[in-house]
Amino acid sequence: MRIATWNVNSIRTRADRVVAWLQRSDVDVLALQETKCRDDQFPESRFTDLGYQVAHVGHSQWNGVALLSRVGLEDVEVGFPGQPGFGSPEPAVEARALGATCAGVRVWSLYVPNGRTLTDPHYEYKLRWLEALRTAAGGWLAADAGAQVALVGDWNIAPQDDDVWDVRVFAHSTHVSEPERAAFRAIVDAGYADVVRPHTPGPGVYTYWDYTQLRFARREGMRIDFVLGSPALAARVTNALIDRQERKGKGASDHAPVVVELRD
DNA sequence: ATGGTAGACAATCTA
């Protein structure tokens, strides 16, 4: 079984590329972020034609997350249970979390709030959102230590200095601040391991490259897209990759897909 | 060089 996550930066603009990628990558579950469309605008038939079931929680202009699965898509849920206001469309511009069970694995497509700047109210909201996620995700393991849970998506956090091309450039910026990194570590400490990094060691290994400043050509990126797995999920991981080929050429998203392979 | 690029939507906002 293969699970992937990809911030596509508009599913309508990227549909041809996503379809082509699905057809050659043998992925069973694909979590999408930044779909940038309302639910009624999602090009669902492009994916149902390929045998995938589709769930989407959208927004008129930005963010929006989806789950595509060809191995079942059950108990679809928006937001974090017991954490009202986080993950559901309130506050409207930032919160996105969509969960579903696919072949026994609870997969959450997450778009962690960007934060904008260290002094913006959205930064504090980002930290609260991550705390709500930690509380919810910790609760799932407290209820069932053997649960197979994958927390996947765009985390908008670079947990280590090596996860950006030059940490000096990011001084006083979001994504690398200690509170954000602590929030990420708290979720790891709650039992969710980064299952991709062991298979894709850095430095210089990224999942995102800004469109400006020739960042991709200069190999100046950030590792901010992650798959965190519960113990039972992590035990099944046999391989992982970041498909940086998909960042190349005209019409690419600014993020690359991240893929994990699970043993049966 | 006070910028750069991309996307939504139609004047700016977001990333």
Side-chain angles (χ1 to χ4, degrees), chain A residues 5-21 31-44 46 56-66 86-87 89-98 109-130 152-159 163-166 168-177 180 183-184 206-226 242-258:
Chain A
T5 182
W6 193 2
N7 180 325
V8 288
N9 187 22
S10 171
I11 189 57
R12 288 181 293 169
T13 294
R14 217 70 62 204
D16 287 349
R17 242 180 133 120
V18 175
V19 165
W21 185 79
L32 300 170
Q33 298 86 34
E34 287 202 60
T35 55
K36 289 188 172 176
C37 67
R38 300 187 310 264
D39 289 348
D40 62 289
Q41 297 173 310
F42 193 92
E44 190 171 331
R46 300 295 307 276
H56 177 243
V57 54
H59 185 280
S60 61
Q61 287 194 33
W62 51 87
N63 300 337
V65 293
F86 293 92
E90 293 297 334
V93 296
E94 287 281 11
R96 291 294 180 263
L98 182 65
S109 181
L110 304 174
Y111 181 79
V112 175
N114 175 284
R116 302 186 183 179
T117 68
L118 295 180
T119 54
D120 192 294
H122 285 80
Y123 175 76
E124 289 300 321
Y125 177 65
K126 179 181 193 174
L127 297 177
R128 297 203 313 275
W129 196 95
L130 288 161
V152 316
D154 179 352
W155 291 73
N156 275 315
I157 299 170
D163 295 335
V164 296
W165 79 90
D166 183 349
R168 294 169 299 183
V169 172
F170 291 85
H172 315 298
S173 296
T174 61
H175 294 60
V176 302
S177 76
E180 289 165 275
F184 187 90
Y206 309 123
T207 65
Y208 160 85
W209 299 260
D210 196 295
Y211 284 125
T212 69
Q213 311 289 127
L214 299 172
R215 292 297 183 206
F216 185 68
R218 297 179 192 275
R219 300 180 177 271
E220 296 174 341
M222 306 171 74
R223 188 199 287 254
I224 56 176
D225 299 86
F226 296 96
I242 299 163
D243 190 355
R244 73 182 298 282
Q245 287 294 117
E246 196 53 49
R247 180 62 179 79
K248 295 181 178 177
K250 194 171 176 61
S253 170
D254 42 3
H255 294 250
V258 179

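Below, all heavy atoms of this structure are taken into account, side chains as well, without hydrogens, waters or symmetry copies. Just so it is clear: chains get the letters A, B, ... in the order the sequence lines come, proteins before strands, and each one is counted from 1.
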Student: So, OP1 or OP2 of B/dA6: does either fall under 4.0 Å of a side-chain N or O from A/Ser10?
Tutor: no
Student: Output all residues satisfying salt bridge (charged side-chain N to carboxylate O under 4.0 Å, His left out) with A/Asp210, sequence neighbours left out; order by chain, then residue number.
Tutor: none
Student: Considering only side-chain heavy atoms of A/Thr212, which listed nucleotide, B/dG7, B/dC9, B/dT5, is closest?
Tutor: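 That would be B/dT5.
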Student: Are A/Arg247 and A/Arg215 close enough that some pair of their side-chain heavy atoms sits under 4.5 Å apart?
Tutor: no
Student: Closer to the 5' end of DNA chain B via nearest nucleotide, is it A/Ile11 or A/Asp254?
Tutor: A/Ile11
Student: Once you round it to whole Å, what is the distance between C1' of B/dA15 and CZ of A/Arg247?
Tutor: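 The distance from CZ of A/Arg247 to C1' of B/dA15 comes to 13 Å, rounded to the nearest Å.
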Student: Could you please spell out the steps behind the side chain to side chain donor-acceptor pair (under 3.5 Å) verdict for A/Gln33 and A/Thr5?
Tutor: CA-CA 8 Å; A/Gln33 298 86 34; A/Thr5 182; 3.0 Å; yes
Student: If you pin A/Asp154 and A/Tyr211 to their nearest nucleotides in DNA chain B, which one's is more 5'?
Tutor: A/Tyr211
Student: Take A/Asn9 and A/Tyr211 through the side chain to side chain donor-acceptor pair (under 3.5 Å) test and state the conclusion after the steps.
Tutor: CA-CA 11 Å; A/Asn9 187 22; A/Tyr211 284 125; 3.0 Å; yes
Student: Both atom distances under 3.5 Å, Watson-Crick or G-U wobble: I'd like the secondary structure of DNA chain B as a dot-bracket string, with | for pairs made across strands.
Tutor: ....((((...))))
Student: Is there side-chain contact between A/Pro43 and A/Ile11, with heavy atoms separated by less than 4.5 Å?
Tutor: yes
Student: Check each of A/Phe216, A/Trp209, A/Phe170 against A/Trp165 using the ring-ring contact (aromatic ring centres under 6.0 Å, His included) test, and report the only one that passes.
Tutor: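 Single ring-ring contact (aromatic ring centres under 6.0 Å, His included) partner of A/Trp165 among A/Phe216, A/Trp209, A/Phe170: A/Phe170.
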Student: Any idea which of B/dG4, B/dA8, B/dA15 is nearest the A/Arg116 side chain?
Tutor: B/dA15
Student: Does a nitrogen or oxygen in the side chain of A/Arg14 sit under 4.0 Å from OP1 or OP2 of B/dG7?
Tutor: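 The answer is yes; a side-chain N or O of A/Arg14 sits under 4.0 Å from OP1 or OP2.
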Student: Rounded off to whole Å, could you give me the CD-to-P distance for the A/Glu34 and B/dC13 pair?
Tutor: 18 Å
Student: Do any side-chain nitrogens or oxygens of A/Arg12 fall under 4.0 Å of OP1 or OP2 in B/dC9?
Tutor: yes
Student: Please report, rounded to the nearest Å, how far the P atom of B/dT14 is from the CG atom of A/Asp210.
Tutor: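 Distance, rounded to whole Å: 17 Å.
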Student: Tell me the interatomic distance from A/Ile224, atom CD1, to B/dA15, atom P, rounded to whole angstroms.
Tutor: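 Taking atom P of B/dA15 as the reference, CD1 of A/Ile224 is at 12 Å.
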Student: Counting heavy atoms from C-beta on, name the nucleotide in B/dA8, B/dA15, B/dT5 closest to the side chain of A/Asn114.
Tutor: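 Shortest atom-to-atom distance from the side chain points to B/dA15.
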Student: Distance check needed: B/dA6 P versus A/His255 NE2, whole Å only.
Tutor: 14 Å
Student: Check whether A/Thr207 reaches the backbone of A/Ile224 with its side chain - one donor and one acceptor, N or O, closer than 3.5 Å.
Tutor: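 Yes, because the side chain of A/Thr207 sits within donor-acceptor range (under 3.5 Å) of the backbone of A/Ile224.
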